[in-house]
There are 2 protein chains.
Amino acid sequence: MNRTIDYYTELAQRGLQPSVQRVRILEFLHANRIHPTAEQIWLRLSPGMPTLSRTTVYNTLKLFAEAGIVQTLVIEEKEMRFDIDTSHHGHFSCDRCGTVFDFTASALSGAVPSELDGFEIRERHLYYKGLCRECRTKERRKG
Amino acid sequence: MNRTIDYYTELAQRGLQPSVQRVRILEFLHANRIHPTAEQIWLRLSPGMPTLSRTTVYNTLKLFAEAGIVQTLVIEEKEMRFDIDTSHHGHFSCDRCGTVFDFTASALSGAVPSELDGFEIRERHLYYKGLCRECRTKERRKG
DNA sequence: TTGTCTGCAAAACATTTGCATACTG
DNA sequence: CAGTATGCAAATGTTTTGCAGACAA
């Protein structure tokens with residue numbers, strides 16, 4: 001089974017033109033569950049596609065977000081991250097190594113507080129920050 | 001009772017030099033619970049303090065954040081918001097008017113999932129996005 | 001007087017925009 | 001052929017940095 005074809009048809013079925021760039025970006029997101037930034041995607045794909053521009057990566061990610069293919073995470077200042085897993089889950093961002101971890105979060109599926117009655121909720125995000133296990137160990141060693 | 005004096009001593013007690021700029025920014029944050037951006041604070045204070053620079057506003061907010069006087073919200077892309085209320089609560093950001101609302105969120109005080117065992121959690125944020133009551137009504141009127 | 005704070009100008013950085021060229025149906 | 005996608009270069013907007021002068025303990 002050919003994955004490239006899978007993603008090609010996935011895009012086509014959603015009514016999006018399955019250009020080479022879009023298929024490769026979608027492929028990358030499925031294969032690399034690292035909540036990448038646009039820059040990371042570009043850095044990893046451009047060696048194999050020398051003409052790929054950052055603009056296209058940005059355009060494509062915006063398109064994917066609007067189509068509901070990815071969710072956008074604004075957990076850190078400055079750069080946005082993209083998650084191909086659009087299910088409800090929490091995100092932990094390590095202040096030291098920058099890695100973003102997933103964790104299960106039932107709070108995101110529960111009832112909405114009455115203070116928000118009448119509000120239309122489109123997105124729910126639960127973000128934790130701190131030190132991941134590995135970085136915490138390293139910090140302790142240093143002092 | 002003189003509020004300016006209160007904030008002056010609050011800063012002094014925390015070991016921060018209570019400069020005119022810092023007192024005014026602290027005062028503004030207490031009086032305007034709007035989760036302002038650095039730019040908003042500068043826009044509102046500079047008419048009364050013509051020499052106030054954006055740099056000072058940024059420096060001061062960073063200082064306040066490090067001192068635990070404010071919490072920083074990265075709910076929206078691009079600009080950071082500052083909240084003088086450092087207690088556990090959720091934030092709702094309206095996609096249309098940009099207003100950030102508070103809501104009670106017990107999920108932020110509960111237990112941490114076992115997936116994060118060994119992690120050091122320093123911050124927890126719950127962000128909702130969508131349309132606030134008022135904007136939802138307006139959207140419906142438009143069709 | 002010695003270190004810290006302020007504020008200007010310039011830099012840094014992620015993202016967006018304008019537009020010409022290249023695809024694709 | 002008509003419409004959409006790509007990609008370069010330039011613009012945008014927020015935040016940071018370098019540095020000189022002002023201020024405070």
Side-chain angles (χ1 to χ4, degrees), chain A residues 7-9 11-28 35-67 69-70 72-82 93 95 98 100, chain B residues 7-9 11-26 28 35-67 69-70 72-82 93 98 100:
Chain A
Y7 300 135
Y8 184 97
T9 53
L11 290 174
Q13 280 167 3
R14 287 179 186 263
L16 304 178
Q17 215 171 94
S19 70
V20 179
Q21 292 86 343
R22 291 176 181 177
V23 172
R24 289 280 187 81
I25 291 169
L26 182 57
E27 217 173 355
F28 179 87
H35 317 88
T37 63
E39 180 71 13
Q40 284 178 319
I41 296 170
W42 181 81
L43 283 172
R44 295 277 299 273
L45 291 182
S46 56
M49 308 178 72
T51 70
L52 179 67
S53 74
R54 271 172 248 254
T55 304
T56 297
V57 177
Y58 279 107
N59 287 341
T60 302
L61 291 169
K62 187 177 207 171
L63 186 81
F64 286 2
E66 283 163 6
I69 295 175
V70 297
T72 56
L73 311 180
V74 280
I75 184 167
E76 290 152 315
E77 328 86 88
K78 294 267 134 202
E79 44 185 22
M80 183 172 277
R81 290 177 171 276
F82 299 87
S93 172
D95 295 332
V100 173
Chain B
Y7 299 135
Y8 184 97
T9 54
L11 290 173
Q13 280 166 2
R14 286 179 187 264
L16 304 178
Q17 215 171 97
S19 70
V20 180
Q21 292 86 343
R22 291 177 181 176
V23 171
R24 289 278 186 83
I25 291 170
L26 183 57
F28 179 87
H35 318 88
T37 63
E39 182 70 12
Q40 285 177 318
I41 296 171
W42 182 80
L43 284 173
R44 294 277 299 273
L45 291 182
S46 56
M49 307 177 72
T51 70
L52 179 68
S53 74
R54 271 173 247 255
T55 304
T56 298
V57 176
Y58 280 107
N59 286 342
T60 301
L61 290 169
K62 187 176 207 170
L63 186 81
F64 285 2
E66 282 162 5
I69 296 176
V70 297
T72 57
L73 311 181
V74 280
I75 184 167
E76 290 151 315
E77 329 85 87
K78 294 267 134 203
E79 43 185 22
M80 183 172 277
R81 291 177 171 275
F82 299 88
S93 171
V100 174

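Convention: sequence-line order gives letters A, B, ...; per-chain numbering from 1.
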Check your understanding: Roughly how many Å is it from CD in A:E66 to P in D:dA5, rounded to a whole number?
Key -> 12 Å
Exercise for review: Apply salt bridge (charged side-chain N to carboxylate O under 4.0 Å, His left out) to A:E77 and list each qualifying residue two or more places apart in sequence or on a separate chain.
Suggested key: none
Point to revise | pair B:L61-B:I41: side-chain heavy atoms closer than 4.5 Å | key: yes
Check your understanding: Listed by chain and number, what are the side chain to side chain contact (heavy atoms under 4.5 Å, CB included) partners of B:T55, not counting sequence neighbours?
Key -> B:S53, B:N59
**Study point:** Length of the line joining B:L63:CG and D:dT16:C1', which is rounded to integer Å
**Key:** 16 Å
Check your understanding: What pairs meet the salt bridge (Lys or Arg N to Asp or Glu O under 4.0 Å) rule with one or both residues in residues 45-66 of chain A, with sequence neighbours excluded?
Key -> A:E39-A:R54
Check your understanding: Partners of B:A65 by side chain to side chain contact (heavy atoms under 4.5 Å, CB included), sequence neighbours excluded?
Key -> B:V70, B:T72
**Study point:** A:E76 CD - D:dT15 C1' separation (whole Å)
**Key:** 16 Å
Review point. Base, backbone or nothing for each nucleotide of nucleotides 14-25 of chain C, written B, S, -, heavy atoms under 4.0 angstrom, 5' to 3'?
Key: BBBB------S-
Exercise for review: Ignoring backbone atoms, establish whether B:S53 has a side-chain N or O less than 4.0 Å from OP1 or OP2 of C:dT6.
Suggested key: no
Exercise for review: Quick one: list whatever passes salt bridge (charged side-chain N to carboxylate O under 4.0 Å, His left out) with B:R24, sequence neighbours left out.
Suggested key: none
Practice item. Report the distance from atom CG of B:L61 to atom P of D:dT14, rounded to the nearest whole Å. Key: 14 Å
Point to revise | Whole-Å distance separating the CD atom of B:Q40 from the P atom of D:dT15 | key: 11 Å
Exercise for review: Please round to 10 degrees the angle between the axis of the first five pairs and the axis of the last five pairs in the helix from C:dT1-D:dA25 to C:dG25-D:dC1.
Suggested key: 30°
Exercise for review: For A:Q21, check side chain to side chain contact (heavy atoms under 4.5 Å, CB included) against everything at least two apart and list the hits.
Suggested key: A:S19, A:M49, A:L52, A:T56
Point to revise | Nucleotide D:dT4, atom P - distance to CG of A:L16 in whole Å | key: 13 Å
Review point. Heavy-atom distance under 4.5 Å between the side chains of B:I69 and B:L16, does that happen here?
Key: yes
Exercise for review: Specify the separation, in whole Å, of atom CZ of B:R24 and atom P of C:dC5.
Suggested key: 19 Å
Practice item. Return the set of residues passing salt bridge (charged side-chain N to carboxylate O under 4.0 Å, His left out) with B:R44 (not counting sequence neighbours), or none when no residue passes. Key: none
Review point. Roughly how many Å is it from CG in B:L11 to C1' in C:dC5, rounded to a whole number?
Key: 13 Å
